[in-house]
Amino acid sequence: MSNSLFSGKAFQVITTETPGMIELKFDRQNEAVNVFGQSVVEELKHALQSIPKTAQGLLMTSGKDAFCAGADITEFLEIFKKPEAELAEWIQDNQKNFDLIEDLPFPTVVAIQGFALGGGFEFALSADYRIATPKTKIGLPETKLGIIPGWGGTVRLPRLIGADLAIEWMTTGNAFDVEIALKSGAVDAVVPADQLRSSAIQLLKDCVSGKIPQHQRRHQKTAPLSLSRQEKTMVFSTSKAGVLAATQGHFPAPVMIVDLMEKSGFFPRKEAMKAEAEHFAKICKKDYGKEKSKFH
């Protein structure tokens, strides 16, 4: 028997069939897909506050056929008109939502079906582990809109899959099949759709029992990149040259990602997030308006 701890228009927090395990379900009312909007960002903050610190684990799910399509840019038009400093501060406010998930005093697992793109994938990256179904696609397509990830993508993805691969993913803006995601380490397991929930719960149990060293993963996701000076030079010089060759200097967002990661990749999480927010605000004020899709 499950009990509701929080019930909003986009998020529900409920107890699960497994004692000690709490579920955070993303399920926007009267919408075909889950997307982040202003009200959703604000509601997430309240939903997270309702999660008891005495829980043993958090399961993040979607009530839709797909996990999350990202953020609805049209809902943020007025915010994007704010001065650069205010825009960066607003970005940091939602970054803190995802930081709260990453800092919970118990393991977190997200169950992904369909797709997790842009802000939706950044939401999933805040969890310790990701389990997906065979048809899942993930990615950070922000550069296709002339902007960069702003909710932790440039911070968490390189720490999870490596700087060089993360740069490729973010600068191209492509969505990737689950096989590629699994091989890279962006996804930890792929299971049939009818086993997604039970597999995620079992992973949480394995973390709680100590069978899986969840604290090592969390350290990996929050610590600075561990590259030698030679490796750092090779990764970022090669990446920057490749991006410049591909864009011919006409698209600043991919180049900004490389420059940002070269600096923030070696910062602690708090400073890295701040740098991401500042760069996001800068690119938005300079290049916003070129997007061809309402989602990022």
Side-chain angles (χ1 to χ4, degrees), residues 13 16 18 20-24 26 44-45 47-61 67-68 92-112 116 119-132 138 140 149-163 165-166 169-170 181-190 196 199-227 261 264-277:
V13 178
T16 70
T18 303
M21 302 301 178
I22 304 299
E23 180 176 356
L24 172 65
F26 192 0
L44 177 58
K45 183 186 305 181
L48 293 174
Q49 291 171 350
S50 74
I51 298 173
K53 296 299 186 291
T54 54
Q56 291 185 323
L58 178 70
L59 170 66
M60 297 162 59
T61 66
F67 184 72
C68 180
Q92 284 188 276
D93 282 343
N94 197 49
Q95 287 178 341
K96 291 174 184 176
N97 279 336
F98 295 174
D99 289 350
L100 282 174
I101 296 172
E102 193 165 54
D103 292 340
L104 286 170
F106 41 76
T108 54
V109 174
V110 58
I112 307 173
F121 184 39
E122 290 175 294
F123 181 43
L125 284 171
S126 66
D128 295 318
Y129 296 98
R130 281 146 294 285
I131 293 184
I138 63 174
L140 295 171
W151 288 343
T154 69
V155 179
R156 294 190 173 96
L157 188 61
R159 288 159 174 77
L160 195 64
I161 69 173
L165 191 55
W169 281 33
M170 289 187 285
L182 180 63
K183 185 177 180 181
S184 71
V187 163
D188 298 287
V190 179
L196 182 61
S199 297
I201 289 285
Q202 185 59 54
L203 179 53
L204 282 172
K205 290 180 179 179
D206 289 343
C207 289
V208 172
S209 69
K211 184 177 179 180
I212 294 179
Q214 166 252 339
H215 294 293
Q216 290 183 13
R217 168 56 61 84
R218 191 164 293 191
H219 175 75
Q220 173 192 359
K221 289 174 71 249
T222 56
L225 294 174
S226 56
L227 294 176
M261 281 182 50
S264 66
F266 303 91
F267 291 166
R269 188 189 68 186
K270 182 179 179 180
E271 286 76 9
M273 290 291 184
K274 183 175 185 290
E276 181 188 77

For a quick test of your reading: what N or O donor-acceptor pairs under 3.5 Å do the side chains of residues 199-208 make, sequence neighbours left out?
unit_1: Ser199; atom_1: OG; unit_2: Gln195; atom_2: O; d: 2.7
unit_1: Gln202; atom_1: NE2; unit_2: Asp206; atom_2: OD1; d: 3.0

If you measure from CZ on Phe98 to CD on Glu122, what distance do you get to the nearest 0.5 Å? 6.5 Å
Mind checking the CD1-CD1 spacing from Ile51 to Ile101? Nearest 0.5 Å is all I need. 7.0 Å
Criterion side-chain contact (heavy atoms from CB on, under 4.5 Å) on Tyr129 and Val110, from CA distance to verdict: CA-CA 6 Å; Tyr129 296 98; Val110 58; over 6 Å; no
Kindly give the heavy-atom pair with the smallest separation between Ala186 and Leu160, and that separation in Å. CA-CD2, 3.9 Å
May I ask you to decide if the ring planes of Phe123 and Phe67 are parallel, tilted or perpendicular, using 30° and 60° as cut-offs? parallel
Can you list the steps and then say if Asp128 with Arg218 is a salt bridge (Lys or Arg N to Asp or Glu O under 4.0 Å)? CA-CA 6 Å; Asp128 295 318; Arg218 191 164 293 191; 2.8 Å; yes
Shortest non-hydrogen contact from Pro158 to Met261? CB-CE, 3.5 Å
Just by distance, with hydrogens left out, do Glu23 and Thr16 show a side-chain donor and acceptor under 3.5 Å apart? no
All heavy atoms of Arg156 vs all of Leu125, minimum pair found to be CD-O, 3.5 Å
For the CD atom of Gln92 and the CG atom of Asp99, what is their distance to the nearest 0.5 Å? 9.5 Å
How long is the straight-line distance from CD1 of Ile131 back to OG1 of Thr61, given to the nearest 0.5 Å? 12.5 Å
Using a 4.5 Å cut-off on heavy atoms from C-beta on, say whether the side chain of Leu104 contacts that of Leu58. yes
Side chains of Thr222 and Glu102 only: does a donor on one sit below 3.5 Å from an acceptor on the other? no
Heavy-atom closest pair (Ser126 atom, Lys221 atom, distance to 0.1 Å) is O-NZ, 3.5 Å
Apply side-chain contact (heavy atoms from CB on, under 4.5 Å) to the pair Leu59 and Leu24, showing each step before the final yes or no. CA-CA 6 Å; Leu59 170 66; Leu24 172 65; over 6 Å; no
Checking Glu276 side chain against Gly152 main chain: does a donor-acceptor pair fall under 3.5 Å? yes
Could you pull out the closest heavy-atom pair between Trp151 and Gly119, with the gap in Å? CE3-CA, 3.9 Å
Distance (rounded to the nearest 0.5 Å) between Trp169 CH2 and Ile161 CD1: 4.5 Å
Mind checking whether Leu157 and Phe121 have side chains closer than 4.5 Å, heavy atoms only? yes
What are the two closest heavy atoms between Ala275 and Phe267, and how far apart are they? CB-CE1, 4.5 Å
Any salt bridge linking Arg269 with Asp103? Criterion: basic side-chain nitrogen under 4.0 Å from a carboxylate oxygen. yes
Side-chain H-bond candidate by donor/acceptor type, Arg217 with Gln220, under 3.5 Å: yes
Separation of Lys45 NZ from Asn97 CG (nearest 0.5 Å): 6.5 Å
